[in-house]
Amino acid sequence: MDEGGDEQVLLELKTLWENKLLQSKAVEGFHTEEQALLAAQQQQQQQVQQVQQVQQLSHPTHPTQAQQVLLPPQQQQQAPQQQVIVQDSKILQHMSATGMSAAATAATLALPTGVTPYQQLITSQGQILQVVRAANGAQYIIQQPQQQILLQQQMQPGGVQAPVIQQVLAPLQGGLPQQTGVIIQPQQIVLAPGNKVQGNAQVMQAAAMASQPGQAATAAQVQQAQGAAAPQASVQAQAQQQAQPQAQQPPIMLQVDGAGDSSSEEDEDEEEEYDEDEEEEKDKDGGEDGQVEEEPLNSEDDVSDEEDQELFDTENVVVCQYDKIHRSKNKWKFHLKDGIMNLNGRDYVFSKAIGDAEW
Amino acid sequence: MAYQLYRNTTLGNSLQESLDELIQTQQITPQLALQVLLEFDKAINTALANRVRNRVNFRGSLNTYRFCDNVWTFVLNDVDFREVTDLVRVDKVKIVACDGKSESTQVK
C-alpha cells in the first residue's frame, strides 16, 4: 500500500494485531508457551489483591486433558504471573498436554476415578491445589496440604511432598454462592470460592489467618501475596484447623462485618436509589386521578428479559451469511455459510452450518 | 465493497484496536486505518469463501428472531454446535447473518 504508510508502521500493526489475538486466547497461538506467557502477562496486570486462575483452555470435549500452565519464575525478565506474587512465593503452572511433575502425577492418581484435573497450581511450598472437573461438570478444588509453615514473615518452602488428598472442598458451581473457604497460612494460597463463577474462571481469594496482630497488615500482606480474584468473591473466613498446627497465638479471623463490611453500603445505596425512583413515580401518579394503581399494574406486563441478556459479558456470537431461513409453525431451520463463531471464548469457523430450533 | 460483517469478531476487533492505537500515537492517519479495514473486509470474505471447508450442525431453542434490512438476527438458547470432531455447548448465542445469496455489497 503506497498511501504514505511506512512499512515499519505496517509491521508494527501486524505485531500489535497478532499480540492481541494471542492475548484473547480465542485462537491457537503459534507457540503454546508463548501464548501462555502472554496470557499470564495480561492477567498479571489485574488487581494485586485478587487471585485468579488461568482460564480453561482445554476443549470441553477433552476432559481428560490435563491443563497446566507454566509460568516463568519471577527472576526472569517477564513479569510475575497471574497468581502471583510477592517476592518469595512462586506459583508454577506448567502448561503442556502431557507433561506433569511427579508430584502432580501422584496427585492425579490419588484422585477418585472419574475425576480429572484440568488445572493444577503448585505453590512454591510445594502445595498442590488441583482444580478438578468431575464427571457431572461440578468443579472441585482439592487442597493437598503440605507440611505446615510457621507463621513468620519469611516464607519457608515446605518442600514437595507426596501430595495426599486430605479433603475435597466444597464444590464450585457456577452461579451459586459458596460458603466455605479454606484458610491457609499467609504463605499459602487460600481458596474461598466466590459467589459467582464466571465461565471457567475460578475464584480464589486470599483470606488472612495470622497469628500476628494487626489484621489489616496481614491481610495486605496476604493480598500482596496473591493474584487477582473474581470481583464478586466474598471474603469468608473459616478456620480449618484440622491439618494446620496452631501458631502460638490463636488465629485471627478476617473481619468482614462491622467496620469492614462493604455489602451493607451497597445495599444502602441501592435502597436510596430505589426510594428516589419510587418518589418520582408517585409524583407522576399523583397528577393523574384514578390511575395511581393502574400504572404499577400495567408495568408488570412487561416481560423484559432483554436487559439481562444484553448485559452479558462474553456473549457467544456467530457472524455469517444465510443461504436459507425456513420456518414451519414454530420450527425454524437455518442454512448458513461462511461464518465465524466465538463460543465460550474460542473462535471457530465454518463454511456451512445447518441448524434447527424451536421458538 | 464486501460485507463489513466480520469486523465484530476477534480478528476484526483486535485489528481495529491495533489501528486505534496507531492512530493515537499518530503513526497512521484515520484514512489509512479505514483503508486497512476495507482491505480486511475483502480479505476475510475471500478467505472464508475459499479457504474454509468445514461444516457445522447446531440445534437449540429459538428465543428471538429479527429480520431487518435483509439481516437476520437470532438469539438461541441451550445450543449444541456439532462438528464431526467435537461438540460445543452454549447457554445463549447470538447469530447475525447477512444475505449470502446475492452479490450485494451492503454495509454490515
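By convention in this document, chain letters (A, B, ...) are assigned in the order of the sequence lines, proteins followed by strands, and residues within each chain are numbered from 1. Predicted model only: the values in this text are computed from it and were never measured.
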*Please round to the nearest 0.5 Å and tell me the distance separating atom CD of B:Gln27 and atom CG of A:Leu10.*
11.0 Å
_Can you tell me which of B:Leu22, B:Ile28, B:Asn54 forms the most heavy-atom pairs within a distance under 4.5 Å of chain A?_
B:Asn54
*How long is the gap from CG on B:Leu62 to NZ on A:Lys331, to the nearest 0.5 Å?*
11.5 Å
_Are B:Leu11 and A:Trp17 packed together at the side-chain level, in the sense that at least one heavy-atom pair is separated by less than 4.5 angstrom?_
yes
*Is the shortest heavy-atom distance from the side chain of B:Thr9 to the side chain of A:Val317 under 4.5 Å?*
no
_Minimum side-chain heavy-atom gap B:Val93-A:Met341 below 4.5 Å_ = no
*In terms of the angle between their ring planes, are A:Trp332 and B:Tyr65 parallel, tilted or perpendicular, with boundaries placed at 30° and 60°?*
tilted
_Shortest non-hydrogen contact from B:Gly100 toward A:Gln321_ = CA-OE1, 3.4 Å
*Minimum heavy-atom separation for A:Ile354 to B:Arg55, with atom names?*
CD1-NH2, 3.6 Å
*Going through the checks in order, is the side-chain contact (heavy atoms from CB on, under 4.5 Å) test met by B:Val56 and A:Tyr348?*
CA-CA 10 Å; B:Val56 166; A:Tyr348 306 86; over 6 Å; no
*Between B:Asn45 and chain A, which part of the residue has a heavy atom less than 4.5 Å away: side chain, backbone, both or neither?*
side chain
_Straight-line distance of B:Ser18 OG to A:Glu12 CD, nearest 0.5 Å_ = 10.0 Å
*Is B:Phe74 close to A:Tyr322 at the side-chain level, that is, under 4.5 Å between some pair of heavy atoms?*
no
*Do any N or O atoms from the side chain of A:Asn344 and from the backbone of B:Val90 form a donor-acceptor pair under 3.5 angstrom?*
no
*asked:* Return the CG to CD1 distance between B:Asp99 and A:Ile325, rounded to the nearest 0.5 Å.
replied: 10.0 Å
_B:Leu48 to A:Gly339 - nearest heavy-atom pair and separation_ = CD2-O, 4.1 Å
*Nearest 0.5 Å, what's the CG-CG distance between B:Leu15 and A:Leu13?*
6.0 Å
*For A:Val319 against B:Tyr6, the heavy-atom pair lying closest together*: O-CE2, 3.7 Å
*Name the region of B:Leu76, side chain, backbone, both or neither, that has any atom closer than 4.5 Å to a heavy atom of chain A.*
side chain
*Where is the tightest heavy-atom contact between A:Ser351 and B:Val52, given as atom of each residue plus distance?*
CB-O, 3.3 Å
*When the aromatic ring centroids of A:Phe350 and B:Phe81 are compared, is their separation below 6.0 Å?*
no
*asked:* Is B:Ile44 close to chain A through its backbone or its side chain, or both, or neither, when contacts mean heavy atoms under 4.5 Å?
replied: side chain
*Tell me, side chain or backbone of B:Glu21 under 4.5 Å from chain A's heavy atoms, or both, or neither?*
side chain
*Which bit of A:Leu336 comes within less than 4.5 Å of chain B, counting heavy atoms only: side chain, backbone, both or neither?*
side chain
*What's the shortest heavy-atom distance between B:Phe58 and A:Ala353, and which atoms?*
CE2-CB, 4.1 Å
